[in-house]
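Notes follow once the structure below has been shown.
Hydrogens, waters and symmetry mates play no part in the numbers below; they use all other heavy atoms, side chains included.
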Amino acid sequence: MAEQTPAPRERDSHIRVRNLTIAFGSYVLMHDVSFDVHRGDIFVIMGGSGCGKSTLLRTMVGLKEPAKGDIYYGDFNFTAATEEQRGAFLRRSCGISYQGGALWSSMTLAENVALPLTEFSGYSAAEIRRQVSLKLALVGLRGFEDYYPSQISGGMQKRAALARAMALDPEILFFDEPSAGLDPISSYRLDRLILELRHSLQATVMIVTHELPSIFAIANNGIMLDAETRTMIAQGDPKVLAATSKDPKVIEFLNRGQERTQRHA
């Protein structure tokens with residue numbers, strides 16, 4: 001059984017995952033995964049390479065069907081819903097930023113951010129322009145509306161992807177490896193931005209990452225997946241798990257580099 005740190009009683013579960021199994025044909029990637037994400041959490045899905053972090057996120061947004069189990073958003077059973085019901089829920093309630101940013105290279109930043117607003121908001125052209133300017137300003141890209149992705153840095157592309165993810169003011173944000181490929185300073189700035197966005201949007205944030213600085217800087221809850229046992233081995237605040245876990249795999253993952261640091265201190 002996965003070890004857990006206590007969940008705050010005063011906060012309700014925004015997302016519930018129950019007995020989830022994910023498979024590719026006869027190969028089971030993970031089994032019997034159950035956890036709760038509380039409203040307002042910055043929740044991290046962590047673990048080593050090949051454990052299924054990104055696949056779990058893809059399953060939670062309907063891009064991969066589970067072999068077994070249920071995913072609830074509030075009282076809405078996402079797993080049992082029709083494709084139409086899922087699409088309506090995702091458009092209304094969720095924003096997603098994929099690992100590579102997935103910006104359209106032939107569109108300007110303004111056009112990228114405007115795309116979900118044009119497709120789903122019903123706003124006038126003037127209101128869409130206003131919302132685009134606001135969202136780009138929130139991520140520090142005011143004045144870059146007419147730039148193409150190829151004309152800006154990797155860190156700026158990540159921020160533009162965040163702006164697009166929050167275009168419709170979602171209550172849940174999904175980020176897949178947001179710091180991947182960034183230098184430490186850009187990664188730190190992106191972590192600060194995610195904290196600010198969570199506060200300004202009052203959103204629940206789910207992040208896939210293996211980056212320890214980001215995990216400890218912004219996450220207050222999370223799970224750890226394990227490729228060997230193909231399941232979840234821990235849930236809780238990563239800082240608490242790092243200090244109190246008895247599982248050697250959790251200790252090794254969350255304290256990697258600490259021994260070397262102490263030797264050279």
Side-chain angles (χ1 to χ4, degrees), residues 14-17 20 22 35 37 39-46 52-66 71-74 76 78-79 81 83-105 107 109-121 131-132 135-136 138-139 141 149 154-182 190-191 193-198 200-211 214 218-219 221-223 225:
H14 200 172
I15 305 168
R16 290 175 292 136
V17 173
L20 197 70
I22 301 174
F35 60 88
V37 181
R39 194 171 296 273
D41 273 352
I42 295 184
F43 187 99
V44 63
I45 302 171
M46 55 189 170
K53 300 185 296 297
S54 292
T55 304
L56 175 57
L57 185 145
R58 288 170 57 83
T59 302
M60 295 186 70
V61 298
L63 296 177
K64 167 74 177 164
E65 286 295 322
I71 301 166
Y72 295 89
Y73 293 96
F76 176 59
F78 184 79
T79 313
E83 185 175 342
E84 183 179 355
Q85 290 169 331
R86 290 183 186 185
F89 170 78
L90 291 170
R91 290 192 296 270
R92 181 180 67 251
S93 302
C94 301
I96 307 167
S97 178
Y98 297 102
Q99 183 170 341
L103 297 172
W104 292 98
S105 60
M107 293 181 175
L109 300 191
E111 289 168 340
N112 268 280
V113 177
L115 189 59
L117 292 162
T118 302
E119 293 292 323
F120 305 120
S121 73
Q131 288 294 324
V132 167
K135 295 306 190 296
L136 286 171
L138 282 175
V139 300
L141 291 175
M156 294 169 77
Q157 290 178 25
K158 297 276 189 178
R159 284 187 275 149
L162 297 190
R164 186 178 61 185
M166 64 180 188
L168 293 168
D169 296 322
E171 62 181 52
I172 304 169
L173 287 165
F174 293 94
F175 299 142
D176 188 3
E177 296 282 7
S179 300
L182 297 183
L190 192 65
D191 288 342
L193 176 59
I194 290 171
L195 285 170
E196 292 167 7
L197 294 180
R198 189 273 303 265
S200 61
L201 294 176
Q202 297 296 298
T204 299
V205 180
M206 290 199 69
I207 301 176
V208 168
T209 187
H210 63 275
E211 300 286 349
S214 294
I218 64 177
N221 196 4
I223 61 169
L225 301 176

So, are Arg159 and Glu196 salt-bridged, with charged N and O less than 4.0 Å apart? no
Evaluate the side-chain proximity of Leu162 to Phe175: yes if any heavy-atom separation is below 4.5 Å, no if none is. yes
Any side-chain heavy atom of Arg198 sitting closer than 4.5 Å to one from Leu173? no
Between [atom1] on residue [X] and [atom2] on residue [Y], distance to nearest 0.5 Å:
X: Ser54; Y: Lys64; atom1: OG; atom2: NZ; result: 14.0 Å
X: Glu177; Y: Ile45; atom1: CD; atom2: CD1; result: 10.5 Å
X: Ile194; Y: Ile207; atom1: CD1; atom2: CD1; result: 4.0 Å
X: Leu225; Y: His210; atom1: CG; atom2: NE2; result: 14.0 Å

Determine the interplanar angle of the Phe89 and Tyr73 rings, folded into 0 to 90°, and report it as parallel if under 30°, tilted if 30 to 60°, perpendicular if over 60°. tilted
Distance-only, no hydrogens or angles: does the [X] side chain make a donor-acceptor pair with backbone N or O of [Y] under 3.5 Å?
X: Arg16; Y: Ile71; result: no
X: Arg86; Y: Thr79; result: yes
X: Asn112; Y: Met107; result: yes
X: Gln157; Y: Pro149; result: yes

Going through the distances and angles, do Leu201 and Leu138 end up as a side chain to side chain contact (heavy atoms under 4.5 Å, CB included)? CA-CA 11 Å; Leu201 294 176; Leu138 282 175; 5.5 Å; no
Considering residues, nucleotides and ligands other than Gln202, do more than 12 of their heavy atoms fall under 6.0 Å from its CD? yes
